[in-house]
Amino acid sequence: MSDTDIEARLRFFELDERQRRLLRDSRPILERCIGPALDRFYERARATPDTARFFRDNAHMATARSAQIRHWMHIVDARFDAAYHQSVRRIGSVHARIGLEPRWYIGAYSLILEEIIRAVDRAASPWRRLFARARGGSDMAAALVKAGLLDMELSISIYFEEAEIERNEAIAKLDRALARLAVGDLAEDVSGLPPAFSSLEKSYNQTLDNLRETIGSVISASATIKGGSRDIADTSEDLARRMESNAAALEQAAVTLGQVEDRVKATASGARETLSIADEALVAMGQGKQGAGDAVRTMHLVHDSARGIDAVIEGVDKIAFQTRVLAMNAAVEAGRAGDAGRGFAVVADLVRALAMRAEEEARKAREGLLTTQSEIAAAVGAVTRVDGALNGVSAKFERVHALIAQMSNDNAAQSNAIIEVNSAVGVMDRATQQNASMIEKAAVGAQSLHDDAAQLAAQAERFRVGTGR
């Protein structure tokens with residue numbers, strides 16, 4: 001603010017030489033009332049928390065009061081020169097630096113001006129107030145009000161100038177900090193902001209610390225994710241290949257099990273058919289065993305019958321022997337009888353010849369019967385052995401039949417088990433193929449994650465967060 005600016009304000013306020021003279025004339029009045037007026041203001045300031053916080057103690061407030069008195073003395077000097085300007089600037093700068101809002105010192109001016117106007121009014125004589133010349137007191141009050149408002153306006157203007165300077169300084173520093181931030185430089189804190197922006201400086205630096213920590217974590221994590229995602233992608237690809245191989249193996253196993261299932265079914269069907277044939281053979285074996293038993297019994301009957309025939313032949317042989325003996329006796333008697341017994345002798349010879357022939361036939365019959373008996377005995381032994389063998393074969397065949405039945409049941413159970421295994425392998429085959437498809441998708445996702453992590457790492461590397469990062 002220049003002297004020209006102050007002169008422009010004086011013209012606008014119409015604070016001319018006459019009113020300046022009135023200001024100088026009011027000095028005695030101001031010297032008497034300014035102290036009580038300031039006492040009133042500081043009492044109010046002490047009772048108001050928003051203003052009391054600007055004063056450390058009563059001594060600080062007394063120093064401010066003395067400075068205010070000197071400044072008001074500059075005002076009523078009405079010179080409005082460089083000294084006054086420096087005083088106004090000092091007050092405005094202090095207000096801007098401590099953050100005193102204009103509303104509080106506007107209120108202070110209102111209290112002080114009220115006391116000054118009352119003092120001017122009391123200083124005017126009663127006689128002068130009765131006449132038109134009483135206007136001089138009001139003119140002095142008007143001049144004091146204008147000077148006070150001018151001083152207040154200048155202080156506020158300086159307040160805003162100082163605030164703007166501080167604001168521009170803070171904006172410039174923040175602009176430089178944000179420019180560094182825009183290119184990824186997080187290493188430098190903001191420092192030296194005006195006191196009014198200390199909270200902003202603290203918040204920015206705290207945010208920068210958090211951002212450093214976050215970006216540092218992102219840089220570290222992105223590198224870790226990049227490596228981990230690469231491993232995941234490689235592992236997923238390898239697992240996908242293995243799952244495809246396993247799926248192919250399971251599919252081949254399913255085909256093989258299907259063939260085994262068909263063979264087991266055929267074996268089970270053959271076992272059932274074999275069991276049916278064995279049932280028929282077992283029935284036939286029972287019938288053969290029964291026939292062999294009948295043959296044994298028949299052979300024993302024939303053997304017994306042959307013994308009866310031997311007794312008959314032996315009886316015939318005895319009869320033939322006795323007949324031959326009788327014929328010999330008859331021949332002897334016929335010989336004794338001479339010619340009379342000649343015919344009887346012929347008959348005796350014939351009977352003897354017949355008896356001898358009967359003996360011969362009996363001998364032959366006995367010999368044939370002995371042979372027949374021997375053969376019958378051999379046949380009885382053979383049939384008996386056949387019956388015993390058939391009994392053994394029957395027992396073994398029954399065991400074979402039981403084993404075939406067990407095998408048929410086992411084959412049926414194996415067939416059912418293989419059917420279930422084949423079904424389970426089919427389910428596993430489908431699940432493995434689905435897993436292979438999912439793993440293939442996971443491999444694609446892992447590769448995409450790796451690409452994203454690499455891109456994130458490249459973006460994170462743009463930031464400089466400080467030494468060692």
Side-chain angles (χ1 to χ4, degrees), residues 6 9-10 13-48 51-52 54-92 94-95 100 102-156 158-159:
I6 295 178
R9 283 176 168 81
L10 291 174
F13 275 70
E14 296 181 356
L15 198 59
D16 53 17
E17 185 58 36
R18 187 183 68 84
Q19 288 187 335
R20 293 183 189 183
R21 187 171 57 254
L22 289 172
L23 287 175
R24 287 189 288 270
D25 292 342
S26 68
R27 185 180 183 87
I29 299 173
L30 191 64
E31 287 177 346
R32 290 193 303 269
C33 74
I34 191 62
L38 289 173
D39 290 339
R40 179 186 175 190
F41 161 68
Y42 283 108
E43 184 65 28
R44 174 57 57 189
R46 186 182 292 109
T48 304
T51 54
F54 293 106
F55 301 100
R56 294 187 301 273
D57 49 27
N58 290 333
H60 186 201
M61 192 172 287
T63 301
R65 179 179 180 277
S66 298
Q68 284 278 12
I69 292 175
R70 289 192 299 271
H71 182 69
W72 276 100
M73 292 302 104
H74 282 145
I75 292 174
V76 297
D77 282 345
R79 290 195 300 268
F80 302 111
D81 53 6
Y84 168 76
H85 179 249
Q86 290 177 359
S87 178
V88 173
R89 177 165 292 280
R90 184 174 61 254
I91 293 172
V94 170
H95 289 170
L100 179 66
R103 59 175 175 148
W104 299 118
Y105 58 87
I106 290 174
Y109 274 93
S110 68
L111 295 176
I112 294 171
L113 287 174
E114 180 184 2
E115 292 298 325
I116 291 174
I117 291 171
R118 287 178 178 175
V120 171
D121 185 62
R122 287 193 300 270
S125 66
W127 293 104
R128 294 181 64 185
R129 283 189 294 223
L130 292 174
F131 300 99
R133 290 184 62 186
R135 190 173 61 245
S138 62
D139 289 342
M140 183 180 289
L144 286 167
V145 170
K146 283 185 177 183
L149 292 176
L150 173 64
D151 188 75
M152 181 175 63
E153 189 273 330
L154 289 172
S155 297
I156 292 175
I158 293 171
Y159 175 91

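Here the structure is a predicted model, which is why all the values come from computation and not from measurement.
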Flag the pair [X] / [Y] as yes when at least one side-chain heavy-atom distance between them is below 4.5 Å, and no otherwise.
X      : Y      : result
Gln68  : Tyr42  : yes
Leu144 : Ile117 : no
Gln19  : Phe13  : no
Met73  : Arg70  : no

Contacts of type salt bridge (charged side-chain N to carboxylate O under 4.0 Å, His left out), residue Asp77, not counting sequence neighbours: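 For Asp77, the residues satisfying salt bridge (charged side-chain N to carboxylate O under 4.0 Å, His left out) (neighbours in sequence not counted) are Arg27, Arg79.
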
For Arg56, salt bridge (charged side-chain N to carboxylate O under 4.0 Å, His left out) partners two or more places apart: none

Distance in Å, [X] [atom1] paired with [Y] [atom2], rounded so as to fall on 0.5 Å steps:
X      : Y      : atom1 : atom2 : value
Leu154 : Ile91  : CG    : CD1   : 10.5 Å
Ile34  : Ile75  : CD1   : CD1   : 8.0 Å
Ser155 : Arg90  : OG    : CZ    : 10.5 Å
Met140 : Asp121 : CE    : CG    : 12.0 Å
Leu30  : Ile69  : CG    : CD1   : 9.5 Å
Ile6   : Leu150 : CD1   : CG    : 8.0 Å

Does a sphere of radius 6.0 Å around CZ in Arg44 hold more than 12 heavy atoms from other residues, nucleotides or ligands, not counting ones at 6.0 Å or beyond? no

Hey, is CD on Glu14 packed in by over 12 heavy atoms from elsewhere, all under 6.0 Å? no

Given Asp39 and Arg65, is the side chain to side chain contact (heavy atoms under 4.5 Å, CB included) satisfied, shown in steps? CA-CA 8 Å; Asp39 290 339; Arg65 179 179 180 277; 2.6 Å; yes

For a salt bridge (Lys or Arg N to Asp or Glu O under 4.0 Å) check, start with the C-alpha distance between Arg24 and Glu17, then their side-chain angles and the critical distance, and finish with the verdict. CA-CA 10 Å; Arg24 287 189 288 270; Glu17 185 58 36; 2.8 Å; yes

Residues [X] and [Y] bridged, charged N to O under 4.0 Å:
X      : Y      : answer
Glu43  : Arg46  : yes
Arg118 : Glu114 : yes
Glu153 : Lys146 : no

Which atom of [X] lies closest to which atom of [Y], heavy atoms considered:
X     : Y      : answer
Leu22 : Ala143 : CB-CB, 4.3 Å
Trp72 : Gly148 : CH2-CA, 4.1 Å
Ile29 : Ala123 : CD1-CB, 3.6 Å

Between the main-chain N or O of Ala83 and the side-chain N or O of Ser87, is there a donor-acceptor pair closer than 3.5 Å? no

Got a sec, which residues hit ring pair (Phe, Tyr, Trp, His ring centres under 6.0 Å) with His71, two or more places apart in sequence or on another chain?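 Checked His71 against ring pair (Phe, Tyr, Trp, His ring centres under 6.0 Å); matches are Tyr84.
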
